[in-house]
Amino acid sequence: MEEHYQHLYEALSQVDGYIYPNEIDLHWGLMIVLYPYITGLVAGAFILASLERVFNIKALKPTYGIALLTALSFLFVATLPLVSHLQHPLRSYEIFMTPNPTSAMAIFGFVYLWYLMVVLLLEIWFDYRLDFVIWSKTSTGFKKLFYKVITLGINDTDEKSAKLDDKLGYFITVLGIPSAFLLHGYVGFIFGSIKANPWWSTVLMPVIFLFSAMVSGIALVMVIYMVVSWARKVKIDMLCLDTIAKYLFYILIIDFTLESLDQIHRLYEAEESFDIIKVLVGGKLNITLIYMQVLFGTIIPLSVIGFFQIYKPTEKIRKISYFFVGILVLIGIFFMRWNVVIGGQLFSKSLSGFTTFNAVYSGLEGYLMMAVWLILPLLILTFLLWLMPPWKKVSSHE
Amino acid sequence: MPKIIFRLFLSFVVFVSIFILIQRYLTPNSFGEYGHYRASAIDDNMLSVPFYKGEEECASCHQEVYDLKSADIHSGIRCESCHMPKIAASKDCKINPPKVEGSLNFCGQCHAINAGRLKKGVPTLNFKDHKGDQNCIECHNAHAPWELKE
Amino acid sequence: MGTERIVNKRRKFFQTSAALLGGTLLYSIIKPFEAIAQTEEEPTIDDKNLPLWGMGVDIESCIGCGKCAEACKIENKVPEEPFYFRTWVEQYTVKNDGEVKIESPNGGIGGLKQSVPDEDIFKSFMVPKLCNHCTKAPCVQACPVGATFISPDGVVLVDETYCIGCSYCIQACPYGARFMNPVTKVADKCTFCYHRITKGLEPACVEVCPTNARVFGDLRDKKGDLVKFLQDNPTQVLKPHLNTHSRVFYNGLSSEVK
Ligand code: SF4
Ligand code: SF4
């Protein structure tokens with residue numbers, strides 16, 4: 001606690017203008033930056049998978065399984081930073097016991113459960129059931145046991161059951177698209193519905209969150225696909241990569257347009273809060289917003305992929321550029337979340353001053369913990385890829 | 001109905017039922033009685049013991065001082081405005097007396113010059129010009145400010 | 001014959017357990033509706049027989065001595081560090097060049113001190129702040145678990161044993177009236193000294209204010225001090241455009257006040 005006070009005294013000495021005395025303590029830190037980031041990756045990865053399945057974009061086929069497993073492994077982790085930031089984590093179950101119907105946060109638990117249990121797990125299960133049955137006969141040890149259990153005792157391998165799996169899987173995917181939209185639009189609503197905070201309170205927030213989620217998810221799957229192919233020492237399907245990049249390009253444009261629209265709207269209406277927001281963007285958020293988010297996260301990737309749409313250099317150059325573009329986009333979207341969550345708390349609700357955000361390295365809210373939450377899903381993904389490699393699948397949907 | 005759908009549906013129903021059961025047992029008793037909250041939380045909020053006891057408590061021992069104060073310009077100010085209670089029970093005043101030093105700082109909280117203080121007229125003054133660093137209570141009796149000491 | 005008996009037994013077992021499970025389930029589903037079934041009157045904020053607490057603040061009377069902020073910390077065991085306030089006092093100084101300086105060092109505890117030289121001052125005044133006990137409280141709306149609520153007599157309270165400490169309410173409060181208590185680790189805020197007012201006492205801040213700048217009372221008590229205060233003075237609430245319908249009314253509120 002002493003350390004915490006120390007921290008706050010330091011922040012107090014850095015206050016600029018006037019802030020309400022209770023605002024010196026920033027209540028939402030890195031963990032809440034991570035939470036929309038990770039949920040966004042889930043929603044984005046899932047939507048990429050659905051592109052292939054529902055909208056029948058065959059070129060994306062090599063990434064379908066990877067995208068689903070990526071979504072799943074990140075979804076497992078999505079709530080952990082949220083829970084770990086609670087002051088009373090052990091009471092978190094109350095969100096399920098007595099959810100307040102008027103609270104944007106309360107329903108998240110249910111949206112999450114719905115998405116995890118009904119959409120993702122089911123879709124993956126339908127996709128893999130037949131393989132589980134087949135694999136359970138050929139493998140040994142833990143894997144065998146796992147495959148046996150996970151089939152829930154439905155061992156049919158005939159044509160008809162495969163068809164049914166396929167049909168049901170398709171149905172779930174169709175159901176999944178609005179669910180993914182819901183999941184992440186919802187996260188945007190958690191911020192967008194706070195009328196006390198003019199930086200958050202905009203109707204566009206859910207939509208912006210949604211599109212930035214797609215951007216980040218697609219970029220993530222693109223990078224993971226390249227890494228996995230490289231690790232498996234197989235050739236990367238260039239058509240697939242180009243197609244992903246193309247979608248990344250389109251959605252990035254939409255995302256960028258929406259965000260600019262939001263800012264232009266603020267600029268033009270110039271409401272009461274505008275003066276402080278202007279200072280915020282020009283000062284405290286300058287690096288993370290203008291450079292990290294807009295320049296590195298949006299403009300550079302846009303120009304690179306945009307350029308490739310007109311002129312196609314050799315595969316090697318494309319591959320390397322896609323890789324770096326993917327990483328840049330991922331960083332950019334991370335800072336987009338940062339700018340929303342941290343940026344929204346840097347200025348006072350009295351609209352007359354700023355506080356500062358000093359993140360720590362250790363502790364439950366520090367950078368180290370953040371690294372853990374970002375690496376953990378990758379470990380889960382590695383495990384899942386080992387357990388149920390999409391490239392070893394026998395069955396496959398139409 | 002195909003077996004697969006039936007089984008999944010069944011697991012779904014089981015899952016939801018278990019959920020409802022858990023919810024039933026983990027929801028606190030008085031929850032929802034008045035609204036979406038624990039009704040007994042209202043009682044919890046009433047529990048703590050007031051620190052500030054009010055003038056009657058003070059007057060029960062210090063009637064004289066109380067009368068003196070009530071007759072003078074500080075009559076509107078309650079005892080505990082200056083004598084912040086230091087302990088929960090006023091009976092323990094003697095153990096830990098809420099003493100006040102009539103220092104410049106203390107009296108200055110109300111009487112130092114401040115541009116925002118002029119409206120309804122609390123007398124303010126520049127202590128330095130008045131009597132230098134001398135403490136107010138060396139001349140003034142805080143309970144009856146115009147009864148000057150020698 | 002033997003197997004049949006076992007099957008029978010088993011069937012019986014399943015039947016009883018299914019009945020048990022179903023019964024409990026049914027009961028759980030019905031339970032929330034019990035309240036509707038019993039027609040007993042539940043107290044709500046609209047109940048005309050209960051008081052509806054509110055406060056009036058007279059900006060012209062406030063001298064910025066900070067006694068209220070100090071008393072509040074003592075009365076409610078708020079940590080002493082200058083980051084946690086249930087109530088605090090701000091000084092606004094409008095300079096001749098139009099710039100507005102707002103300050104509240106340590107929430108005004110120890111008395112506010114003039115920091116702008118006289119010749120630059122256009123006007124200056126003090127504004128005590130506290131939770132506005134909004135009738136349409138954004139904090140109550142936002143709390144995911146129902147750990148903060150409006151009591152039937154109109155006070156916004158926190159349930160300390162139920163709050164999960166998510167800070168969402170703190171983000172939702174437009175007035176900065178809430179903080180995360182570092183000791184109890186739950187959201188904390190002004191309760192109008194609920195433990196005092198329910199015993200017939202006044203809130204500690206009202207009790208100690210030397211100029212009676214704070215008027216506490218029942219908005220439904222037509223002969224009470226608060227109603228009189230509202231009748232005699234043109235009053236305004238903070239940030240009225242946010243439609244929080246707050247129940248702390250200010251007399252002499254200037255447009256500079258944020
Ligand atoms: S002032 Fe803030 S804490 Fe108080 S009721 Fe309104 S929103 Fe809630
Ligand atoms: S911090 Fe506590 S009172 Fe505030 S929203 Fe979260 S659970 Fe509710």
Side-chain angles (χ1 to χ4, degrees), chain B residues 14 16-25 27-28 31-55 74 76-86 88 105-122 124, chain C residues 21 24-25 27-29 31-32 35 42-44 60-61 63-67 70-71 74-77 91-93 110-114 116 118 121 123-126 146-152 155 157-162 191 193-196 198-199 201 204 207-212 252:
Chain B
V14 168
V16 171
S17 322
I18 292 177
F19 183 86
I20 293 179
L21 277 184
I22 296 178
Q23 195 174 42
R24 158 87 179 75
Y25 287 108
T27 303
F31 203 94
E33 238 168 71
Y34 297 163
H36 195 82
Y37 58 92
R38 239 164 34 90
S40 44
I42 297 181
D43 303 330
D44 294 356
N45 267 286
M46 294 201 267
L47 276 184
S48 41
V49 183
F51 265 57
Y52 284 74
K53 303 290 174 181
E55 298 203 311
H74 276 167
I77 303 172
R78 252 83 38 112
C79 309
E80 285 160 315
S81 291
C82 297
H83 302 275
M84 298 278 175
K86 290 188 183 148
N105 248 341
F106 185 82
C107 297
Q109 283 186 27
C110 297
H111 294 295
I113 288 183
N114 186 327
R117 204 166 264 177
L118 300 174
K119 292 279 163 45
K120 284 193 180 166
V122 173
T124 57
Chain C
L21 197 78
T24 340
L25 204 64
Y27 177 59
S28 339
I29 295 171
K31 191 177 179 246
E42 301 292 357
T44 65
E60 286 168 22
S61 296
I63 56 171
C65 63
K67 293 278 184 200
E70 191 178 353
I74 296 176
E75 178 71 36
N76 296 299
K77 302 177 197 74
Q91 175 160 17
Y92 284 73
T93 308
L112 286 162
K113 308 204 168 51
Q114 182 177 343
V116 181
D118 275 342
I121 296 182
K123 67 169 173 177
S124 181
F125 51 90
M126 320 284 190
T148 187
F149 56 93
I150 308 186
S151 73
V155 181
L157 297 172
V158 177
D159 183 348
E160 284 195 11
T161 57
Y162 207 62
T191 60
C193 287
Y194 202 68
H195 59 292
R196 295 176 64 87
T198 45
K199 296 184 181 77
L201 298 166
E207 172 84 23
V208 301
C209 180
T211 60
N212 292 326

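Throughout, a chain's letter reflects where its sequence line sits, starting with A, and its residues are numbered from 1.
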Looking at C/Gln91, C/Glu70, C/Gln114, which one has more heavy-atom pairs under 4.5 Å with chain B than the rest? C/Gln114
Under 4.5 Å from any heavy atom of chain B, what part of C/Thr211 do you find: side chain, backbone, both or neither? side chain
Among C/Glu75, C/Lys113, C/Glu160, single out the residue with the greatest number of heavy-atom pairs under 4.5 Å to chain B. C/Glu75
Determine whether C/Val158 and C/Phe149 make a side-chain contact, defined as any pair of heavy atoms from C-beta on separated by less than 4.5 Å. no
In this structure, is the centre-to-centre distance between the rings of C/Tyr162 and B/Tyr37 below 6.0 Å? no
What part of C/Ala204 lies closer than 4.5 angstrom to a heavy atom of chain B: side chain, backbone, both or neither? side chain
Just so I understand: if I count every heavy-atom pair under 4.5 Å between each of C/Asn76, C/Val155, C/Leu112, C/Asp118 and chain B, which residue has the most? C/Leu112
Side chain to side chain contact (heavy atoms under 4.5 Å, CB included) partners of C/Leu201, counting only residues at least two apart: B/Pro50, C/Arg196
Considering residues at least two apart in sequence or located in another chain, which fulfil the side chain to side chain contact (heavy atoms under 4.5 Å, CB included) criterion with B/Glu55? B/Tyr66, B/Lys69, B/Arg78, B/Cys79
So which part of B/Asp44 gets closer than 4.5 Å to some heavy atom of chain C, the side chain, the backbone, both or neither? side chain
Short side-chain to backbone donor-acceptor contact, C/Thr198 and B/Met46, under 3.5 Å: no
